[in-house]
Structure formats: structure tokens, C-alpha cells
Amino acid sequence: MKPLMEFLAQGGFAGYVWSAYGMTLALLVIETVSLRRQRRAILARLSRLLRLRGTEDHRGDQP
Amino acid sequence: MFKVFWSVLHRDLLLAMRRRTDVLTTLFFFVIVVSLFPLGVGTEHAVLRVLGPGVVWVAALLASMLALERLFAADYEDGTLEQLLLTGQPLVLLTLAKVTAHWLLTGLPLVLIAPLVGMQYHLSDSAVAVMMVSLFLGTPVLSLIGAIGAALTLGLRGGGILLALLILPLYIPVLVYGAGAVEVGAVAFGEARPYLTLLAAFLVAALALAPFASSAALRISIE
Amino acid sequence: MTLPWSRFAAPATFYPLAGRLIPIFWVLAAALILTAFYWGFFETPDQLGGSNAQKGYYRIIFIHVGSAWMSMWLYGMLVLWAAVGLVFKTRLSFMMANAIAPTGAIFTFLALWTGAIWGRPSWGTYWDWDPRLTSELILFFLYVGYIALHSAIDDSRRADRAASLLAIVGLVMVPVIFWSINCPDPNQCAALHQRSGLGKVDGNILFAMLTMTLGFWMYSFATTLMRLRGIILTREAETSWVQDLIRSEGRPA
């Protein structure tokens with residue numbers, strides 16, 4: 001456990017080192033997650049749009 | 001070709017003379033901002049002398065930026081701008097003429113009012129002289145660069161605040177050397193010469209490049 | 001134009017290509033960043049020598065330098081694609097510029113954040129108007145201006161072209177702005193707080209720094225392409241190839 005604690009302490013500068021690395025990690029993860037969510041939203045919206053239009057066309061064909 | 005330049009310039013000046021309040025608003029905005037600082041930071045002579053150059057230049061930046069919003073807006077709304085574009089005259093000259101008119105109406109008054117500001121901030125005579133020269137060289141650069149932003153944000157909702165975001169970072173070089181000139185000019189006028197030379201160089205470069213960028217921006221916005 | 005690359009300028013051909021590339025860039029980014037992390041923390045000295053020794057906090061530079069480099073590089077790429085778009089009138093180039101901007105802004109912010117945190121123990125203050133950090137702040141404003149202008153214009157054609165012109169004007173002004181920040185006195189330039197040359201840096205530290213930068217670069221590719229794919233789908237929603245694609249991809253939840 002001791003080497004881990006030492007590593008986390010960073011020679012007494014833990015606050016500085018980990019807040020810098022933490023912010024970097026947080027922003028990169030947030031960007032990735034939001035991009036993935038955005039993509040899913042776009043796909044869902046487009047396929048819904050397509051389905052709506054498809055049923056309209058269908059109805060148009062019937063009579 | 002210069003007839004185009006003169007006729008647009010003449011027209012803009014004439015229009016502005018019919019509505020003098022627009023010109024005066026910018027001038028008074030400048031005076032008010034400059035006068036508010038001593039009330040905020042205290043009226044100690046030493047402090048004011050240090051702050052003076054920077055405050056004057058920041059106020060000039062803001063005043064010139066606020067006035068920019070109206071540079072093309074009125075002509076855009078009533079369709080004049082579109083007509084000007086269709087005349088087939090070089091658009092660069094048209095924008096240059098409009099910017100010149102804009103500077104004569106909003107930049108030049110700031111130069112002339114500078115001694116009053118010098119008095120408020122207890123600046124030395126040589127500093128006031130440098131301030132006038134630096135404003136004379138620097139404010140046209142502000143108008144020229146600002147015209148690009150004004151053309152890009154033409155007709156947008158909340159264009160004014162967006163304009164500030166786009167243009168203020170580009171004003172930094174003028175601010176740095178304009179305020180720097182006044183600061184060293186407090187000792188002797190000659191000390192400020194390198195700064196003034198640089199401002200003059202900026203003016204030449206801006207005159208050569210900025211009208212092309214703003215006319216391209218106008219084309220993009222109107223098409 | 002019969003150049004091979006012009007085929008990929010069509011969004012319809014670029015979309016699937018980007019889709020194949022994204023996982024590769026993710027793997028590369030993860031591998032490089034993890035390697036850099038390991039190397040930076042376990043293969044480097046605990047403190048940098050010299051009279052003014054840098055203790056553990058110097059390890060912030062691995063991400064600080066990497067993100068600062070990426071922020072500048074991405075702005076250059078943004079302007080390049082913007083210029084290509086304006087000259088050749090290719091839609092994909094504008095979309096590319098548009099996709100780069102948010103990632104660039106994020107790296108600029110990270111460079112500022114890590115720089116401030118590094119400044120606290122080494123200069124005794126979070127913000128000291130160091131020329132390089134100030135320049136980074138201005139770069140951040142330029143990114144924000146680009147994004148704000150683009151999102152303020154509803155017509156996507158005008159938005160693309162206006163924001164591209166702004167980016168180009170910004171790039172022309174950048175050297176002047178940086179120079180004026182560096183040398184507020186034309187007779188002599190301000191001394192940087194810390195002069196540095198890559199040659200003087202310890203090999204292990206340099207390795208970690210460069211690997212981290214490469215990792216960030218691969219990450220930028222991955223996120224930019226992901227964003228680009230989103231933009232393509234949104235803008236080309238009315239075309240038949242997108243509708244075929246949506247149909248064949250089934251029903252995502």
C-alpha cells in the first residue's frame with residue numbers, strides 16, 4: 001500500500017498534479033460521451049423522421 | 001474610381017450630420033467611461049497617472065466597437081447596401097469609404113477630446129500630445145478591423161454582443177502599443193517614437209488588407 | 001479534378017471511411033496516452049535539478065505542453081480547412097473546420113487550466129500574465145469567437161463562409177497579437193518566465209511529453225471525425241444515401 005500512497009501524494013503536490021490530470025481526464029471523457037450521445041440522438045431523430053415520412057408515403061399510395 | 005469613394009463618403013457624412021445624436025452618443029460614451037474610472041478606483045493623482053493611458057485606450061476600443069454596429073446596419077436594413085453591391089463598382093472602395101466616414105464621425109472626435117481626458121488623469125503635456133497622435137493613428141485601425149466584424153455579423157440577432165466577442169481580441173496590438181506610447185510619452189515625446197511608428201505600420205497594413213476582408217465578408221453576408 | 005482525394009471530398013464516400021478510421025484512432029490515442037502517463041510518472045526523475053528545483057508538480061507539463069501544442073496545431077488545421085472550403089467551395093472542408101473547433105477549444109482550456117495550476121507552486125501565483133499563457137487565453141477567445149459566430153447564423157452556408165473568413169482573419173492577426181503580448185515595449189521583448197528549448201530537456205521527460213502530444217493528436221482525430229460524422233448526417237439528412245444508411249442500420253434506440 002505504501003508505494004501507492006507515495007505515488008498518490010506526488011511528493012506533497014498531489015492537489016496540483018491530480019487537479020490538472022483530473023480536469024484533463026474529465027474533459028476528454030465528457031467530450032467523448034457527449035459525442036456518442038449526440039450521434040445516437042441524430043440517428044434516432046433521422047430514423048423517426050424517415051418512418052414518419054414512410055407511413056405518409058404509404059398512405060398516399062393506398063387510395 | 002475615386003468618384004465612387006467621394007460620393008459614398010459624402011453621402012455617409014451628410015446622413016450623419018442629419019442625425020447628430022449618433023455621433024455625440026459615441027463621444028459621450030467615451031467621456032463617461034473615462035470619467036467613471038476615477039470614481040471607482042479613487043482619485044489619487046499617482047494612481048490616476050498610472051491608470052490613465054490604459055483606461056483611455058480601453059474606452060476608445062469600446063467606443064469604436066459600439067459605433068461599429070451601425071456601420072453597415074442602416075444601409076443593410078433599407079436595402080441600400082444591396083443596391084451598392086449591384087452597381088458593379090469595386091466593393092473595396094465602397095467599404096473603405098464607409099469606414100473612412102465612420103472614423104471621421106467616431107474616431108476623430110476621440111482624438112479631439114483627448115486633452116480633456118489628460119486633464120482628468122493629471123497627464124503631462126507630452127503624454128497628452130502622444131495620446132492625441134496615438135489615437136489619431138490607432139483609431140482608424142480599430143475602425144478598419146472592426147468593419148470586418150461588422151460585416152460578418154450583419155443582420156444577426158444579438159449582433160452587437162457577438163461583435164465584441166469577435167473583434168476585441170483582434171484589437172489587442174493597438175491597445176498594447178497605444179497605451180504603451182502614452183505611458184512612455186509621459187517622460188518625453190521622443191520616447192514614444194517607436195510605438196507611434198509601429199501604430200503607423202499597423203495603419204498602413206490595415207489599410208492595405210482590411211478593406212478586402214470586409215468586402216469579402218459583406219459579400220458572404222448579403223448573398 | 002481527377003485527383004484521387006477529390007473522391008473523398010464527397011460526404012457520402014467520406015462518411016464510411018471516417019467510420020472505419022475512428023476505432024483505429026481511439027486505440028492509438030489510448031495506447032499513446034497510457035504509455036506517456038506511465039513513462040511520465042515512473043521513468044522520470046522525481047525532481048528537476050538546478051538551483052530552482054522543480055519538484056513533483058513539474059509532471060503537469062506532460063499534459064500542459066501537449067494540450068498547448070494541440071491547441072495551436074488545431075487552430076492552424078481549422079484555418080487550413082476553412083481556407084480550402086472558401087477557395088474550392090467544398091462543403092466537407094467547412095464541416096471539417098467546424099468539427100475541429102470544439103476539440104481545439106477544449107485543448108486550449110486545458111492548456112490554460114494546467115498552466116495556471118503549474119504556475120501556483122512554481123511562480124507562487126495562478127496567473128502572472130506570462131506571455132505564453134496570455135497568448136493561449138487569446139487563442140481561446142478566437143476559438144470561442146469562431147464557434148459563437150457559426151452558431152449565431154442560421155443559414156448554414158453563410159455560417160460556414162462567415163466563420164471561415166473570421167478564422168482566417170484571426171490567423172493573420174495571431175502573429176501580431178502574440179508579438180505585441182511578448183514585446184509590449186518595441187525596444188526590448190519581455191523575458192519569458194521560463195525559457196525552454198527542447199534540446200535541454202531530459203530524454204525521458206521529452207519522450208513522455210512527445211508521446212502525450214501524439215496521443216492527444218490521435219484523440220483529436222477520433223473526436224473530430226466523430227463530430228464530423230454527426231454534422232454530415234444532420235446536414236445531408238435529405239439525401240438518399242443518408243436515408244438508405246438509416247434504413248440499413250436498423251432501429252437504434
Side-chain angles (χ1 to χ4, degrees), chain A, chain C residues 22 26 29 33 37 40-42 46-47 54-64 66-67 99 102-103 106-107 109-111 113-122 212 216 219 222-227 229-234 236-238 242-247 249-253:
Chain A
M1 252 6 296
K2 200 162 170 283
L4 180 69
M5 293 311 286
E6 251 170 46
F7 173 72
L8 287 179
Q10 282 298 314
F13 293 98
Y16 298 113
V17 173
W18 298 125
S19 57
Y21 277 83
M23 180 55 96
T24 309
L25 183 71
L27 278 188
L28 299 194
V29 168
I30 287 172
E31 191 190 9
T32 315
V33 169
S34 80
L35 274 174
R36 188 160 293 183
R37 214 178 268 170
Q38 204 183 324
R39 176 176 165 73
R40 223 173 289 149
I42 291 171
L43 284 178
R45 190 165 51 82
L46 288 184
S47 67
R48 206 166 49 234
L49 212 72
L50 208 64
R51 233 177 304 155
L52 268 170
R53 209 170 288 168
T55 52
E56 262 169 33
D57 286 351
H58 207 60
R59 236 180 276 141
D61 287 345
Q62 289 288 335
Chain C
I22 288 170
W26 273 126
I33 290 175
F37 187 82
F41 276 88
F42 297 104
D46 276 337
Q47 66 178 44
Q54 294 251 352
K55 305 217 176 54
Y57 56 82
Y58 87 85
R59 288 188 167 124
I60 294 171
I61 59 160
F62 300 129
I63 44 175
H64 173 66
S67 43
T103 303
I106 285 176
F107 276 121
F109 176 79
L110 283 178
W113 175 271
T114 52
I117 288 176
W118 178 80
R120 177 66 194 157
S122 50
M212 189 64 89
F216 281 170
Y219 168 87
T223 50
T224 304
L225 289 178
M226 278 174 84
R227 197 172 289 115
R229 266 159 64 98
I231 295 172
I232 291 177
L233 280 185
T234 320
E236 309 263 303
E238 293 304 313
V242 170
Q243 300 189 344
D244 289 346
L245 186 99
I246 302 286
R247 262 188 221 103
E249 279 203 7
R251 304 267 178 275

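Keep in mind that what you see is a predicted model, and the values were worked out from it rather than measured. Naming convention: chains lettered A, B, ... in sequence-line order (proteins, then strands); numbering from 1 in each chain.
Interface check for chain A: of the options C/F216, C/F37, C/F62, the most heavy-atom pairs under 4.5 Å are formed by C/F37. Taking A/I42, A/V17, A/I30, A/T24 one by one and counting their heavy-atom pairs under 4.5 Å with chain C, the maximum is reached by A/T24. Each of C/I106, C/L110, C/L233, C/T234 has some count of heavy-atom pairs under 4.5 Å with chain A, and the biggest count is that of C/L110.
If you look at C/W26 and C/Y219, their ring centroids are closer than 6.0 Å.
Using a 4.5 Å cut-off between heavy atoms, A/R45 touches chain C through its side chain atoms alone. Using a 4.5 Å cut-off between heavy atoms, A/L28 contacts chain C through both its backbone and its side chain. Proximity to chain C involves both the backbone and the side chain of A/L46, based on heavy atoms less than 4.5 angstrom apart. Of the two parts of C/T103, the backbone and the side chain both hold a non-hydrogen atom closer than 4.5 Å to a non-hydrogen atom of chain A.
Between C/H64 and C/W118, the ring planes lie parallel to each other; the angle is under 30°, not in the 30° to 60° tilted range.
Using modelled atom types, no side-chain atom of C/R227 and backbone atom of A/L35 make a donor-acceptor pair closer than 3.5 Å. A distance-only check finds no donor-acceptor pair linking the side chain of A/Y16 to the backbone of C/I60 [under 3.5 Å].
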**OP:** I would like to know whether C/R59 and A/F13 meet side chain to side chain contact (heavy atoms under 4.5 Å, CB included); could you show each step before the answer?
**Re:** CA-CA 10 Å; C/R59 288 188 167 124; A/F13 293 98; over 6 Å; no
**OP:** Could you please spell out the steps behind the side chain to side chain contact (heavy atoms under 4.5 Å, CB included) verdict for C/I22 and C/R229?
**Re:** CA-CA 10 Å; C/I22 288 170; C/R229 266 159 64 98; 3.7 Å; yes
